[in-house]
*Asks:* 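Let me begin by handing over the structure; questions about it come next.
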2 protein chains.
Amino acid sequence: MPTVSVENYLKAILHLEEGEEGRVSTTAIAEKVGATPASASAMMSRLGDRGWVEHERYYGVSLTEKGQRIAMEILRRHRLWERFLVDHLGFEWDQVHEIAEELEHVDSRELVNRLDAFLGFPKLDPHGDAIPGPNGRFRSVAARTLLAEAPRNLDLVVVGVVDGGDAFLRHLGVLGIELGSRLTVMERHSFDGSLHVRFADVDELQLLAPSVCARLWVDQSNPAPVIVFPENDPPS
Amino acid sequence: MPTVSVENYLKAILHLEEGEEGRVSTTAIAEKVGATPASASAMMSRLGDRGWVEHERYYGVSLTEKGQRIAMEILRRHRLWERFLVDHLGFEWDQVHEIAEELEHVDSRELVNRLDAFLGFPKLDPHGDAIPGPNGRFRSVAARTLLAEAPRNLDLVVVGVVDGGDAFLRHLGVLGIELGSRLTVMERHSFDGSLHVRFADVDELQLLAPSVCARLWVDQSNPAPVIVFPENDPPS
DNA sequence: TTAAATTTTTAGGCAAGACTAAACAATTTT
DNA sequence: AAAATTGTTTAGTCTTGCCTAAAAATTTAA
């Protein structure tokens, strides 16, 4: 049975592994869990002993199969609890991370599976991140693009955020952006990558900083159905 | 901020204090939390340092005002989570204690209060025990009697269990007894205090051992309304 | 009222997990 | 290629919480 601290380390490594290929550095892990590199280093050899990470001295670590299974389970619990907090207790999406951080360590397979069912087997957490299933693999997630890379003149819908810390989420609140917001890229400014976008429910153009555009997942929204009439038989 | 271990000790002391008046012994506490008396003794001086218990060497401890406040908060969380597990996740009342034992240590005032509201501000947990309110005091609980002490020939309803461990609760299941069961004491056997009772929904008399009768809270059930007609004007 | 039994505390260890300071390895810079 | 910088590990210490074994205090029995 992993301790709370061990679970936090495994989760941190999982998080750092995605994106960066290869091994993860001790210092990065330390920073993520809020400890000194020395503490992280000590933890890494303990995790290595238990077979949860592969540790090459001075070159970082990577999760083993077993370590990954545990980390995915934690992630699953975290994201399910976030759904519960938002959907049923009325929390905002920028208030749930810290609490889920505690709830995720409650260890009961039965509890998690029943919670999953209670929530209706959700595929995504309140920030649009995929929730792993009971098998430890992600449920299918729709194709998505970063807003920063989306083409112009398409009807888009915000489906997720990248690495959504509370500060970023609150900033989105200020901008009036949330999951499901519909928008269109009107102009891309090559100077710094900032975008002029038009929101479906607002008149004016709005300028979005590249720091925002690079952290929003969007998908093409299903276009409103267009009714096409045969050319030579217009309606009366 | 108390640790999980500290919270468990405070809860154990609270539990032992009710009933037994005066101070609580180190050994009893040790047994309750599953540690040796030596460990409990060490913990008591730590709790004393932090002002959560009054510790008279060799004569046991009692909770201070502050200690009691913390312990009641834990109890509140425990019982609210039990309600959640039974009411919304479909657990049986003999399956929830262990899980609630973990959930109770999740520390967020906001979470607990929202959970309370979500559950509809329940007064009792699934075992019929009172749930402390946000102020740390019990919500009003109806008058109740132990079945072992209830008078004969009254319509009674089971409203709670004393000290309901999972084994006892499962035994009640075998006997077909649950919260809300209606029964009448037909005969009290002075030999050992066992009772012959008749359940409202069953024909035969059933014999209940004193070990069961002493651990069931009952209340007088509202008698079915009796329609009384004036004597000299019977209905047609 | 001593002696025996019980309960409680102290003493001395151990493991997890954190820290600082110092040593060591790897990477950049010059 | 040597020097400086950066990153990682080791060494030594601290706290919490647990343990066993032994000492001290209290209670019970003779």
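Values reported hereafter were calculated over all heavy atoms of this structure, with side chains retained and with hydrogens, waters and symmetry mates removed. Chain A is the first sequence line, chain B the second, and so forth, proteins listed ahead of strands; every chain is numbered from 1.
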*Asks:* Looking at every strand, decide which applies to Ala40(A) at a 4.0 Å heavy-atom threshold: base, sugar-phosphate, or nothing.
*Replies:* nothing
*Asks:* Between Ile29(A) (CD1) and dG17(C) (P), how many Å, whole number?
*Replies:*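 In whole Å, dG17(C) P lies 15 Å from Ile29(A) CD1.
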*Asks:* Using a cut-off of less than 4.0 Å, is there contact between a side-chain N or O of Ser39(B) and OP1 or OP2 of dG17(D)?
*Replies:*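 No, no such contact exists.
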*Asks:* Can you measure Met44(A) atom CE to dT9(D) atom C1' for me and round it to whole angstrom units?
*Replies:* 13 Å
*Asks:* If we only count heavy atoms from C-beta on, is the Val24(A) to Ser62(A) side-chain gap below 4.5 Å?
*Replies:* no
*Asks:* If you check every side-chain atom of Tyr59(B), which of dT27(D), dG17(D), dG17(C) has the closest atom?
*Replies:* dT27(D)
*Asks:* Taking the nucleotide of DNA chain C with the nearest heavy atom to each, does Arg57(A) or Val6(A) sit closer to the 5' end?
*Replies:*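 Per heavy-atom nearest nucleotide, the more 5' residue is Val6(A).
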*Asks:* Pick base, sugar-phosphate or nothing for Ala42(B), based on heavy-atom distances below 4.0 Å to the nucleic acid.
*Replies:* nothing
*Asks:* When you measure from the side chain of Met43(A), which nucleotide among dG17(C), dT9(D), dC18(D) comes out closest?
*Replies:*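 Out of dG17(C), dT9(D), dC18(D), the nucleotide with an atom closest to Met43(A)'s side chain is dG17(C).
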*Asks:* Is Thr26(A) close enough to dT9(D) that one of its side-chain N or O atoms is under 4.0 Å from OP1 or OP2 there?
*Replies:*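 For dT9(D), OP1/OP2 do have a side-chain N/O of Thr26(A) under 4.0 Å.
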*Asks:* What nucleotide, of dG17(C), dC18(D), dT10(C), holds the atom closest to the side chain of Arg46(A)?
*Replies:*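 Minimum distance to the Arg46(A) side chain belongs to dG17(C).
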*Asks:* NA contact type, Ser45(B), heavy-atom cut-off 4.0 Å: base, sugar-phosphate, or nothing?
*Replies:*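 Ser45(B): no heavy atom of the nucleic acid under 4.0 Å.
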*Asks:* NA contact type, Thr36(A), heavy-atom cut-off 4.0 Å: base, sugar-phosphate, or nothing?
*Replies:* base
*Asks:* Between Arg76(A) and Asn113(A), do the side chains contain an N or O donor and an N or O acceptor separated by less than 3.5 Å?
*Replies:*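 Per modelled atom types, Arg76(A) and Asn113(A) side chains form a pair under 3.5 Å.
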*Asks:* Could you work out which one of dC24(C), dG17(C), dA25(D) sits closest to the side chain of Tyr58(B)?
*Replies:* dA25(D)
*Asks:* Identify which nucleotide among dG7(D), dT9(C), dT16(D) has an atom closest to any side-chain atom of Thr3(B), counting heavy atoms from C-beta outward.
*Replies:*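 For Thr3(B), the side-chain atoms sit closest to dT16(D).
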